[in-house]
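Working notes, beginning with the structure itself.
Ligands are counted one by one from 1 in listed order, and the atoms in each one are counted from 1 as well.
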Amino acid sequence: MSNIDKIFASVRNEFPALTQKVHGKKLAYLDSAATTLKPQSVIDRITQFYSFETSNVHRGAHYLGDVATQAFESARHKVAEFLGARQTEEIIFVRGTTEGVNLVANSWGGTHLKEGDEILITEMEHHGNIVPWQMVAERIGAKVLAAKILDNGELDLEDFKAKLSKKTKMVAFTACSNVLGTNTDMTLLTKLAHEVGAKVLIDGAQIVSQTKVDVKAIDCDFFVFSAHKLFGPFGQGVVYGKREILDGMSPYQGGGSMIAKVTVEKTTYNDVPFRFEAGTPHVEGAVGLHAAIDFVERIGFENIHSYEMELLKEATAKLQAIPDLRIFGTAPNKGPIISFNLKGAHHSDVGQILDQEGVAVRAGHHCTQPLMARFGIPGTVRASFSVYNNHEDIDALVKAVVKAREMLL
Ligand code: PLP
């Protein structure tokens, strides 16, 4: 066993979900792009919070209120460091990537977009980074354009550049396609967008578990992600926004905590970030996210990247050797995600056979219908890899796909 395999064999032992059998077979969990499994340290931290620290935040005049508030705000500080933000106040807690995009589309877009303005996205966006922009554009009379994707799954940079103009006010793109695995050049796209005076939102849902992100170096205006794709809890997400931009944005939702003063006639609003966090937040979500960041930092992104690339390379080569199998997305710079179809078989049928073999994948359109239309297919089977996967999981996948081919073709 190589050194890196040894490190990750021990990481794998931290995931209780992997000790179970599915349909009598050893579980090969290859659906991390949908959500990652949770390590024991994250589960324990949430249990500890519920057991001994439960209290509401920012309001309790008692010991436990302080403990909970400290845990919550310390999570915000951890996320700020994790993303390389300049200030802790640049971190807003939301429910997930989707709510994060909705917040920016409504709050920033509602104030700054005008009739005739353009929002540039790409053809490989998740619906979570398409629909919120369409909704605000429809309300305001702005227009959503999408930059094209090349046959190998890379962004068509020439088309992206051609679609940028003085009318472009927002460029919103994914750092990594949840279907093709394609990683985009966040720094370059941000620079190009800024050259025409547009603001930039990066959908970081798939990138945060793969690589170290530095929002200062990228210079994006907004960056959003979900904790549940980073070994953390569901219902917890993050919006990073540059302070000077957040300061100029109106609240997205109204209620408790986001106010400075309320009279029946009028309300003045709290400072950033609280202005954007109406109501009781998902406290244990933030606390669990803190533990999840501790977990990835303990392993180290260099190790994570090397290991996941090793798995990706091996799985790609073995799948490619199966006759009638087509992989969608072969960009040179991609994350540990492989989408494929067996020619002549429906993706759902393949997914079901894999499930019976204990191999958990996703089969469908992956909330990317425009991308499916681009490739002229209704869906794909998607296998995605993470820190707890190993070579045995790849072999289980390949064996199950070979079986599916024999049964279906
Ligand atoms: N963007 C990308 C690239 C995703 O993969 C996902 C989830 O699959 C989302 C956005 C939406 O994330 P969430 O459902 O956690 O809000």
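In this model, a donor atom of one side chain and an acceptor atom of the other lie less than 3.5 Å apart for T280 and N56.
Taking each heavy atom of S306 and I4 in turn, the nearest pair found is CB-CD1, 3.8 Å.
The side chain to side chain donor-acceptor pair (under 3.5 Å) test applied to K318 returns E314, D395, not counting sequence neighbours.
For residues 101-113, the set of pairs meeting the side-chain hydrogen bond (donor to acceptor under 3.5 Å, both in side chains) definition, not counting sequence neighbours, comprises N106-R139. Pairs passing the salt bridge (charged side-chain N to carboxylate O under 4.0 Å, His left out) check and including a residue from residues 331-349, sequence neighbours excluded, do not occur.
Note: H127 and H365 have tilted aromatic rings, judged against thresholds of 30 and 60 degrees for the angle between ring planes.
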Write out each pair where an N or O from ligand 1 and one from the protein are under 3.5 Å apart, with the distance.
{"residue": "ligand 1", "atom": "1 (N)", "partner": "D203", "partner atom": "OD1", "Å": "3.3"}
{"residue": "ligand 1", "atom": "1 (N)", "partner": "D203", "partner atom": "OD2", "Å": "2.5"}
{"residue": "ligand 1", "atom": "5 (O)", "partner": "Q206", "partner atom": "NE2", "Å": "2.7"}
{"residue": "ligand 1", "atom": "8 (O)", "partner": "H126", "partner atom": "NE2", "Å": "3.4"}
{"residue": "ligand 1", "atom": "8 (O)", "partner": "K229", "partner atom": "NZ", "Å": "2.6"}
{"residue": "ligand 1", "atom": "15 (O)", "partner": "S226", "partner atom": "OG", "Å": "2.7"}
{"residue": "ligand 1", "atom": "15 (O)", "partner": "H228", "partner atom": "NE2", "Å": "2.8"}
{"residue": "ligand 1", "atom": "16 (O)", "partner": "T97", "partner atom": "N", "Å": "3.4"}
{"residue": "ligand 1", "atom": "16 (O)", "partner": "T98", "partner atom": "N", "Å": "2.9"}
{"residue": "ligand 1", "atom": "16 (O)", "partner": "T98", "partner atom": "OG1", "Å": "2.6"}

